[in-house]
Novice: 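Just passing along the structure, written as structure tokens.
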Amino acid sequence: MELRELQQHIRTLALLGETNSPVISCYLSLEGGATVYRNVLDERVRQLRKSLSVSVWRDFMEAMSRIRDYLRDQLSPETTSVAIFARGGAQPFFLPLEFRVPLPNHVAIGSTPCIFHLVELKDTYHRFVVLISTEESARIIEVNLGEVTEQLWRERPELRKRVGREWSKEHYRNHRRNRTGQFIREKIELLGQLMSAGGYTHLILAGNPRLTARIRKELPKPLADKLVDTVVASGRDRISDVVAATLNSFIEQEEAESQAIADQLRQEVWTGGLAVIGTSETLAALQRAQVDVLVLASGYAPPPGWKCLVCGAAGTATRADACSECGATGLRPLDLREEMTRLAEQAGCQVEVVNHSDVMLEFGGVGALLRYLTPEQYQGQPRGQVAGRVA
């Protein structure tokens, strides 16, 4: 699956309308085998059964039947994890998504899909380019969500096959030595064109250490700025093994970028800039469409909030007797992390999930960089304070 496709699916889920039938959000790791993930699913169904009415249970089992059928008959053997969203009843819905990167086991029901784990996956893995250079070949591949989705350019010279036939080994070595400089320049030029055309922002070099060192040295600044790391690989390595090695480097770089955004959030807070922190303030900013970047700690776990069944307003009070917007008393519990993630995706905001961040712990696990300040927030800002964020 490509990043673009995943983003479309997340938006579909974020915009899915509510009905009287529950949506099952089923995340399963398949790495332990069918017996393990079926046991996880069965145990969760037993737990949920105790809390559902007869009418809701009927729609729930209709949706669960489709999930079980898919897991039994349609899974690809190369899939590492799966996320399936299903709803029965008068307005059925079904969306299965397969991945080659890990997801946690998580099965939940609600009026809307649980999309946080998909957004976290998108933020962690998204896409990058790998230039693999060995003595025998060069390849430029695109890695999307942990799998090769396109070989942007591939060359398999026939020179090595000619060794022992038309050319002597010495002739081959001299030819290769003379061509190496030109070979590197051509591939760097092509790499630059492909990355620019595709809008790629991360590059990893893999292959023979001598070649990757030369390539790294000759990269122009626009490409050097996008370089994440270099990884050792040989012509005998499978593409899947090379990709697995580059993923570790990419995830480390992504985490460093997430930490930098958390630091930026803190700086904005300290200077009275375009930022809010804390659950109540961040939720309010999302509801006002102020947010540019939603920043969440990976372990962020706020207490339950509420959502009004009449006007749709949401709040952070653990206990509330009436809606703060319309005064209605029909309220339902709300997963605030999911609600904030859903609002961010509906608005097209960037969502950044940060691991192991002392900054985010200080801020209660959540905050946001803002596009602008409201007039009320803007009052009292020092003269010359920036009033909006450049997208």
Side-chain angles (χ1 to χ4, degrees), residues 9-27 44-45 47-64 66-67 83-95 106-119 276 278-291 294 296 300-349 351 364-366 368:
H9 289 317
I10 290 175
R11 184 161 181 79
T12 295
L13 293 166
L15 294 171
L16 185 67
E18 299 183 26
T19 72
N20 292 327
S21 301
V23 179
I24 303 174
S25 300
C26 178
Y27 293 87
R44 190 68 180 116
V45 170
Q47 294 171 353
L48 291 170
R49 176 68 181 94
K50 303 173 185 177
S51 64
L52 301 178
S53 66
V54 174
S55 59
V56 172
W57 176 254
R58 182 174 59 249
D59 293 344
F60 172 85
M61 289 306 296
E62 178 186 334
M64 184 57 65
R66 294 196 66 183
I67 292 175
I84 306 177
F85 304 88
R87 180 173 66 195
Q91 298 182 49
F93 178 84
F94 189 73
L95 177 63
H106 180 75
V107 182
I109 59 172
S111 57
T112 57
C114 298
I115 62 173
F116 173 78
H117 293 303
L118 284 187
V119 172
V276 293
T279 299
S280 298
E281 293 80 359
T282 304
L283 177 61
L286 284 164
Q287 292 170 326
R288 291 191 296 262
Q290 283 182 272
V291 173
L294 173 63
L296 296 161
Y300 173 56
W306 56 265
K307 187 164 188 176
C308 178
L309 298 177
V310 176
C311 72
T316 59
T318 303
R319 288 190 175 186
D321 297 323
C323 174
S324 58
E325 297 296 320
C326 71
T329 57
L331 308 178
R332 67 169 174 82
L334 181 67
D335 184 323
L336 290 170
R337 185 179 71 171
E338 286 292 339
E339 178 68 7
M340 284 191 275
T341 304
R342 188 175 67 87
L343 289 172
E345 289 294 335
Q346 286 179 344
C349 304
V351 181
V366 65

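Count residues from 1 along the sequence.
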Novice: Holding to side chain to side chain donor-acceptor pair (under 3.5 Å), I want the full list of residues that pass it with Ser55, two or more places apart in sequence or in another chain.
Specialist: Ser53

Novice: With sequence neighbours left out, write down each residue that passes side chain to side chain donor-acceptor pair (under 3.5 Å) with Arg44, or none if nothing qualifies.
Specialist: Gln47

Novice: Considering non-hydrogen atoms only, spot the tightest contact between Val310 and Ala328 and give its length.
Specialist: CG2-CB, 3.5 Å

Novice: Over 60° means perpendicular and under 30° means parallel, so classify the ring planes of His106 and His117, tilted if in between.
Specialist: perpendicular

Novice: Restricting to side-chain contact (heavy atoms from CB on, under 4.5 Å), what partner residues turn up for Ala285, sequence neighbours left out?
Specialist: Val276, Arg288, Gln290, Val291, Leu370

Novice: Quick check: closest heavy atoms across Met340 and Leu294, and the distance to 0.1 Å?
Specialist: O-CD2, 3.7 Å

Novice: Measure the spacing between CG of Leu334 and OG1 of Thr112 and express it to the nearest 0.5 Å.
Specialist: 7.5 Å

Novice: Write down the atom of Arg87, the atom of Pro22, and the distance for their closest heavy-atom approach.
Specialist: CG-O, 3.5 Å

Novice: Just how far is it from atom SG of Cys26 to atom CD1 of Ile67, taken to the nearest 0.5 Å?
Specialist: 5.0 Å

Novice: What are the two closest heavy atoms between Ala108 and Cys114, and how far apart are they?
Specialist: CB-SG, 4.0 Å

Novice: With sequence neighbours excluded, what pairs up with Arg342 under the salt bridge (charged side-chain N to carboxylate O under 4.0 Å, His left out) test?
Specialist: Glu339

Novice: Should the pair Arg66 and Phe94 be classed as cation-pi, given the thresholds of under 6.0 Å to the six-membered ring centre and 45° from the axis?
Specialist: yes

Novice: Rounded to the nearest 0.5 Å, what separation is found between the OG1 atom of Thr341 and the CG atom of Leu118?
Specialist: 10.5 Å

Novice: Are the aromatic ring centres of Tyr27 and Phe116 under 6.0 angstrom apart?
Specialist: no

Novice: Indicate the atoms forming the closest heavy-atom contact of Gly89 with Glu62, along with that distance.
Specialist: N-OE1, 3.3 Å

Novice: Would you sort out whether Thr279 and Thr316 count as a side chain to side chain donor-acceptor pair (under 3.5 Å), showing the intermediate values?
Specialist: CA-CA 7 Å; Thr279 299; Thr316 59; over 6 Å; no

Novice: Among residues at least two apart in sequence or on other chains, which ones pass salt bridge (charged side-chain N to carboxylate O under 4.0 Å, His left out) with Glu345?
Specialist: Lys122

Novice: Going by the rule side chain to side chain donor-acceptor pair (under 3.5 Å), which residues pair with Asp59 if we only count those two or more places apart in sequence or in a different chain?
Specialist: Ser21

Novice: Report the residues that fulfil ring-ring contact (aromatic ring centres under 6.0 Å, His included) with His9, sequence neighbours left out, ordered by chain and then residue number.
Specialist: none

Novice: Who are the side-chain contact (heavy atoms from CB on, under 4.5 Å) partners of Ala322, not counting sequence neighbours?
Specialist: Thr329

Novice: Is a side-chain donor or acceptor of Arg11 paired with a backbone partner of Gln346 at a separation under 3.5 angstrom?
Specialist: yes

Novice: Show your working on side-chain contact (heavy atoms from CB on, under 4.5 Å) between Leu13 and Phe93 and close with a plain yes or no.
Specialist: CA-CA 10 Å; Leu13 293 166; Phe93 178 84; 3.8 Å; yes

Novice: Among residues at least two apart in sequence or on other chains, which ones pass salt bridge (charged side-chain N to carboxylate O under 4.0 Å, His left out) with Glu18?
Specialist: Lys307, Arg332

Novice: In the structure I gave you, are the side-chain heavy atoms of Val366 and Leu283 within less than 4.5 Å of one another anywhere?
Specialist: no

Novice: First locate atom CG of Leu286, then atom SG of Cys349, and finally report the distance between them rounded to the nearest 0.5 Å.
Specialist: 6.0 Å

Novice: With Thr19, which residues qualify under side chain to side chain donor-acceptor pair (under 3.5 Å), at least two apart?
Specialist: none

Novice: Quick one: does Leu331's side chain get under 4.5 Å of Cys323's, heavy atoms only?
Specialist: yes

Novice: Measure across Cys326 and Cys308 and return the closest heavy-atom pair with its distance rounded to 0.1 Å.
Specialist: SG-SG, 3.6 Å

Novice: Who passes side-chain contact (heavy atoms from CB on, under 4.5 Å) against Ala317, sequence neighbours left out?
Specialist: Trp306, Ala320

Novice: Can you list everything that forms a ring-ring contact (aromatic ring centres under 6.0 Å, His included) with Phe60? Sequence neighbours excluded, please.
Specialist: Trp57

Novice: First locate atom OG of Ser51, then atom CD1 of Ile109, and finally report the distance between them rounded to the nearest 0.5 Å.
Specialist: 5.0 Å

Novice: Between atom OG1 of Thr282 and atom CG of Leu296, what is the distance when rounded to the nearest 0.5 Å?
Specialist: 8.5 Å

